Each structure stands twice: as structure tokens, then as C-alpha cells.
Amino acid sequence: MTEASIEKRLVEGVKKLGGMCLKFVSPSMTGVPDRLIITADGKVIFAELKTETGRLSKIQKHTIGEMQKRGADVRVVKGLAEVKQLLAEIEGRSKPDEV
């Protein structure tokens with residue numbers, strides 16, 4: 001599965017749950033996560049999407065670490081199974097169903 005198709009499933013799933021899944025781009029900073037999720041109840045999650053075998057670049061590791069040090073909820077989501085897990089968490093379920 002490609003990163004684009006994984007991203008599409010995340011966007012669709014968040015929207016179905018009443019949230020927003022915005023493309024996150026920061027012209028002045030590299031290595032920021034791909035998506036900014038705002039859940040229906042206002043929780044903010046940054047998500048960096050990868051394929052099951054994808055790896056973070058050095059700048060992504062650095063930027064994500066700096067965000068997390070400041071208390072940001074940043075997730076590295078690898079593959080469709082982890083997208084389903086994140087959607088289940090957002091919905092308040094302990095186990096993912098088919099998404």
C-alpha cells in the first residue's frame with residue numbers, strides 16, 4: 001500500500017468521525033508531520049504517515065522530537081493497521097474495526 005493511499009484512508013476515517021484532517025505544511029520548517037488532525041471533541045494530533053517499511057528522515061526525527069518535547073501529540077503512523085488503531089482511539093474504542 002502506498003503512502004498516498006494510507007493518507008487517504010486516514011483523511012476519510014477522521015472525517016467520518018466528525019473531525020478534520022488537514023494537510024500540514026510549514027514553509028519555514030522542514031520535517032513537520034504530514035497531517036494535522038482535529039477530532040470532533042477538539043483534540044489535536046499531528047500524524048506523520050509512512051508505509052509499513054517507511055522510515056523517518058533525520059530532520060523528521062529531529063522536528064518530531066522537538067514538537068514532543070513541547071507537549072505536542074505527534075504520531076508516526078505506519079501502514080493501514082496503524083491508521084485503523086488511531087481511528088479506533090479517536091473514536092474511543094479499544095480495538096479497530098474495518099475502516
Side-chain angles (χ1 to χ4, degrees):
M1 184 168 263
T2 66
E3 194 172 301
S5 59
I6 293 166
E7 189 168 4
K8 182 179 176 187
R9 294 292 286 274
L10 177 68
V11 171
E12 291 170 351
V14 170
K15 285 182 181 179
K16 283 181 185 176
L17 296 174
M20 299 171 69
C21 192
L22 309 171
K23 185 73 174 170
F24 184 45
V25 179
S26 178
S28 64
M29 180 173 242
T30 56
V32 296
D34 299 311
R35 289 284 171 170
L36 170 62
I37 300 166
I38 305 173
T39 66
D41 63 355
K43 184 175 180 183
V44 175
I45 303 168
F46 295 89
E48 174 60 38
L49 299 162
K50 296 290 183 191
T51 63
E52 289 85 354
T53 59
R55 292 189 286 173
L56 295 174
S57 67
K58 280 186 175 182
I59 190 65
Q60 286 174 319
K61 287 178 186 175
H62 173 77
T63 302
I64 289 169
E66 290 297 311
M67 292 173 73
Q68 289 173 330
K69 278 199 293 193
R70 289 162 176 82
D73 185 353
V74 185
R75 313 289 182 90
V76 178
V77 182
K78 288 186 158 194
L80 187 56
E82 290 189 14
V83 166
K84 290 177 182 179
Q85 288 175 344
L86 179 56
L87 292 172
E89 178 187 332
I90 290 169
E91 191 175 15
R93 293 180 285 123
S94 59
K95 293 184 181 179
D97 294 331
E98 275 302 306
V99 176

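Quantities reported herein were computed from a predicted structural model and do not represent experimental measurements.
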Quick check: is [Y] connected to [X] through a chain of hydrophobic side chains (ILVMFWY, heavy atoms under 4.5 Å apart)?
X	Y	answer
Leu17	Val83	yes
Leu80	Val77	yes
Met29	Leu36	yes
Val44	Val74	yes
Leu56	Met67	yes

Using 0.5 Å steps for rounding, measure from the [atom1] atom of [X] to the [atom2] atom of [Y].
X	Y	atom1	atom2	value
Thr39	Glu89	OG1	CD	10.0 Å
Lys61	Arg55	NZ	CZ	7.5 Å
Thr30	Gln60	OG1	CD	9.0 Å
Ile64	Ile59	CD1	CD1	10.5 Å
Phe46	Gln68	CZ	CD	11.0 Å
Lys43	Asp73	NZ	CG	5.0 Å

Testing the basics here: between Thr2 and Ser5, what is the closest heavy-atom pair and its distance to 0.1 Å? O-OG, 2.8 Å
Kindly give the heavy-atom pair with the smallest separation between Leu87 and Gly13, and that separation in Å.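 Taking Leu87 first and Gly13 second, the nearest heavy atoms are CD2-C, 3.6 Å.
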So, do [X] and [Y] sit near enough that their side-chain heavy atoms are less than 4.5 Å apart?
X	Y	answer
Glu3	Lys50	yes
Leu10	Ile37	yes
Ile90	Leu86	yes

Main chain of Cys21, side chain of Lys15: is a donor-acceptor contact present, judged purely on distance under 3.5 Å? no
Just by modelled atom types, is the Gly31 backbone N or O under 3.5 Å from a matching donor or acceptor in the Ser57 side chain?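 Side chain of Ser57 to backbone of Gly31: no pair is present.
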Glu7/Lys23 ion pair, N-O < 4.0 Å: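 A salt bridge links Glu7 with Lys23.
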Lys69/Glu66 ion pair, N-O < 4.0 Å: yes
Counting only heavy atoms from other residues, nucleotides and ligands, does the tally under 6.0 Å from CE of Met20 exceed 12? no
